[in-house]
Amino acid sequence: MAEYGVLLVGGSRTHQESHARVFAAHPKCRLVAVTDEEGVSEYRAELDRRLAREHGIPYVADLDEALRMDVQIVSSTPEVERRGRVAVRCMEAGKHVYLDKPLAGTLADVDGIVDAADRTGVTAQMFTTICSEWAQAARRAVRSGRVGELRAVHVENLFAKGRAGTVPDGAARREKERVGRVTFVEAKREMFDVSIYCVTLAHWLTGQRVETVYCQTGNYFHAQHARLDVEDFGAMALRMTGGVTATIVSGRFGAASHPQNGPQRIVLIGTEGALTFDAYRPRVEVYNDDPDFTHPPLHLMDPMAMWASTAAENPPVPKRRWAAFEQADPMMSDVAAFIECIETGRRPEIDPQTAAASTEVILAGYASAARKEEVALPLPRG
Amino acid sequence: MTSEYLERLRGVVQAAIDAGSLGSPRYLRCVAGVPPNGVLEDAAGGLGELASAWFGSEPRRRYRLSGAGAVYLTEMQEWPLGQGAIITVSRSASPGGSKLDLMLIGSRGTLYHEE
């Protein structure tokens, strides 16, 4: 009998698709139900019900009722705009919470999650890629002094998804001071969504906190992002405590722009040299006369190919040219680490406080890109 | 990463741009190492010239990070039409440590190069 009942807040076409699969595969977990806030749209409720059907579990339309079920863990993946209040409700119900990334879209929501976790004492963790083999290798290199004293890190993560080349030429993006709405059907703010991996790695690898952010955002690839006035690319330069610096490159640059899922790379620069760690190294490369990747038909409800559920409706020709040695889903080891923290009482490495620090860096990035100047942290509250 | 090497690189990348393989060049990311006796400023300047050549003009804004002891130099650059670059040059521990890792991201394709 599994020890932990897992409640899923959020359904299909959210990251719950991945969370649910990983929790269902964990030997100590069993999925209990899918739920959501009362009053979600019928569109969202139907997607929630769909995920429930796929896993053979009930959909409970009332979050409070669901939280009274035999549940110890909540996997929380509502849209960014609802993440703060949902996480707080789950924590206040005494549940351990596995949080989607980034933590939330406003400082008030971010601070609320940190406060609730502190008040309730539950175990909470935000998903990141720190458990991947290449990130772990980079951290071992830092700790063993292979580059001498660490002075700078570069981290990049670009999603190779969507059909690029549709954005009109010639216009520099004018960024907005505040992140605003993040979630749309056609697209999302990509620096917000993707750079969280990079900023968290920069924090985690250096052990330092960010003091200033300088940022540039762009509409480089996708017409959908340009129409919605959300960026598809972002680059940041971070000054950190201890005299360390970091650079970040993130975004969604199109499925055809990389032989696999997109560059995921860390460069460590120290007093004794530099080292690069890459999600696709080591790898094998295969060339033959099989057809290479081709775009699937455009899915009107998911043109950026964000969700596995929509990809399954019209599967693309898979990319087979590169095969990395590391094949494991980093979420599997991340969830395993979360369960271990619950059992041992150890604080997760990416707890709400750490996740909040990374999220605040990104929010500061938007302010920097809007003002075209360096922005100091912490950001003013209120 | 000699000047001859950079000039040949400039040409082959420009050919890819001219062929339309990348769409419009939008962002350049360079991480380079220079030998212990190399000059970081010179190496970064050479890479910046490549960026200007591929983007077709000079950047209008620069932001620089550098570490104590001249271990590395990073410059973020922005162009009038929104293109950008991050160029990082660090000092290698070995005399043969000169190397270049470059990614030129275009609106419809991306070019990768490692020396």
Side-chain angles (χ1 to χ4, degrees), chain A residues 147-152 154 156 158 160 163-174 214-222 232-239 243-249 251 253-254 256-259 262-263 265 267-274 276 278 368 372-374, chain B residues 20-36 40 56 59-94 97-99 101 103-112 114:
Chain A
V147 293
E149 185 183 331
L150 184 64
R151 292 290 173 80
H154 170 78
E156 66 194 26
L158 289 155
R163 195 181 292 251
T166 55
V167 72
D169 257 353
R173 176 168 176 75
R174 302 185 72 166
Y214 184 83
C215 177
Q216 181 191 1
T217 56
N219 283 114
Y220 290 161
F221 318 112
H222 305 289
D232 55 24
F233 179 90
M236 288 187 269
L238 314 176
R239 295 186 196 276
V244 177
T245 65
T247 49
I248 306 290
V249 169
F253 72 165
S257 293
H258 189 267
R265 186 173 280 208
V267 181
L268 305 175
I269 297 172
T271 52
E272 302 300 322
T276 299
D278 189 315
S368 168
K372 307 282 186 195
E373 65 183 29
E374 190 177 80
Chain B
S21 304
L22 310 182
S24 299
R26 296 295 170 91
Y27 205 88
L28 176 68
R29 188 274 286 142
C30 284
V31 179
V34 300
L40 296 176
R60 71 173 173 189
R61 192 172 287 112
R62 298 172 188 267
Y63 176 85
R64 183 169 281 199
L65 298 172
S66 58
V71 171
Y72 72 94
L73 175 64
T74 290
E75 190 162 281
M76 275 181 77
Q77 303 179 350
E78 294 176 47
W79 275 258
L81 292 181
Q83 305 98 323
I86 281 184
I87 296 169
T88 293
V89 180
S90 67
R91 205 172 292 287
S92 172
S94 62
S98 175
K99 61 181 181 182
D101 175 358
M103 175 170 68
L104 179 59
I105 303 171
S107 58
R108 63 174 289 266
T110 296
L111 181 150
Y112 302 89
E114 290 185 50

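Every heavy atom of this structure was used, including side-chain atoms; hydrogens, water molecules and symmetry mates were not. Computed from a predicted structure; not experimentally measured.
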Most contact-rich option vs chain B, by heavy-atom pairs under 4.5 angstrom, among Ser257(A), Gly254(A), Ala164(A), is Ser257(A)
**Message:** Could you go through Val249(A) and Ile86(B), starting from their C-alpha distance and side-chain angles, then the distance that decides it, and tell me whether this counts as side-chain contact (heavy atoms from CB on, under 4.5 Å)?
**Reply:** CA-CA 9 Å; Val249(A) 169; Ile86(B) 281 184; 3.9 Å; yes
With sequence neighbours left out, the residues meeting ring pair (Phe, Tyr, Trp, His ring centres under 6.0 Å) with Phe233(A) are Tyr220(A), Tyr27(B)
In short, Ala172(A) meets Pro80(B) closest at the heavy-atom pair CB-O, 3.9 Å
Whatever's closer than 4.5 Å to a heavy atom in chain B on Asp232(A) counts as neither
For Gly106(B) and Phe221(A) the tightest heavy-atom approach is O-CE2, 3.3 Å
Applying a strict 4.5 Å limit to non-hydrogen atoms, the region of His258(A) in contact with chain B is both
Closer than 3.5 angstrom, by distance alone: can the side chain of Gln216(A) be matched with the main-chain N or O of Gly82(B) as a donor-acceptor pair?
yes
- So do Leu65(B) and Arg239(A) actually touch side chain to side chain, heavy atoms under 4.5 Å? yes
Rounded to the nearest 0.5 Å, the SG atom of Cys215(A) sits from the OH atom of Tyr63(B) at a distance of 11.0 Å
To the nearest 0.5 Å, atom CE of Met103(B) lies from atom CD of Glu156(A) at 4.0 Å
ask   = Is it the case that more than 12 heavy atoms not belonging to Arg174(A) sit under 6.0 Å from its CZ atom?
value = no
So OH of Tyr72(B) and OG1 of Thr271(A): to nearest 0.5 Å the spacing works out to 12.5 Å
The ring pair (Phe, Tyr, Trp, His ring centres under 6.0 Å) partners of His154(A) (sequence neighbours excluded) come to none
Between the OG1 atom in Thr166(A) and the CZ atom in Arg108(B), the distance rounded to the nearest 0.5 Å is 12.0 Å
Value for CD1 (Ile269(A)) from CG (Leu73(B)), rounded to nearest 0.5 Å, stands at 10.0 Å
Whatever's closer than 4.5 Å to a heavy atom in chain B on Phe253(A) counts as side chain
If one checks every heavy atom of Leu238(A) against chain B at 4.5 Å, the contacting part turns out to be backbone
Notebook entry, point to check: Between Leu81(B) and Asp169(A), does a side-chain contact (heavy atoms from CB on, under 4.5 Å) hold up when you go through it step by step?
Noted result: CA-CA 9 Å; Leu81(B) 292 181; Asp169(A) 257 353; over 6 Å; no
Problem - Arg265(A) bridged to Glu114(B) by N-O distance under 4.0 Å - result: yes
To the nearest 0.5 Å, atom OG of Ser107(B) lies from atom CG of Asn219(A) at 12.5 Å
Scored by heavy-atom pairs under 4.5 Å with chain B, the best of Ala256(A), Gly148(A), Gly218(A), Ala235(A) is Ala235(A)
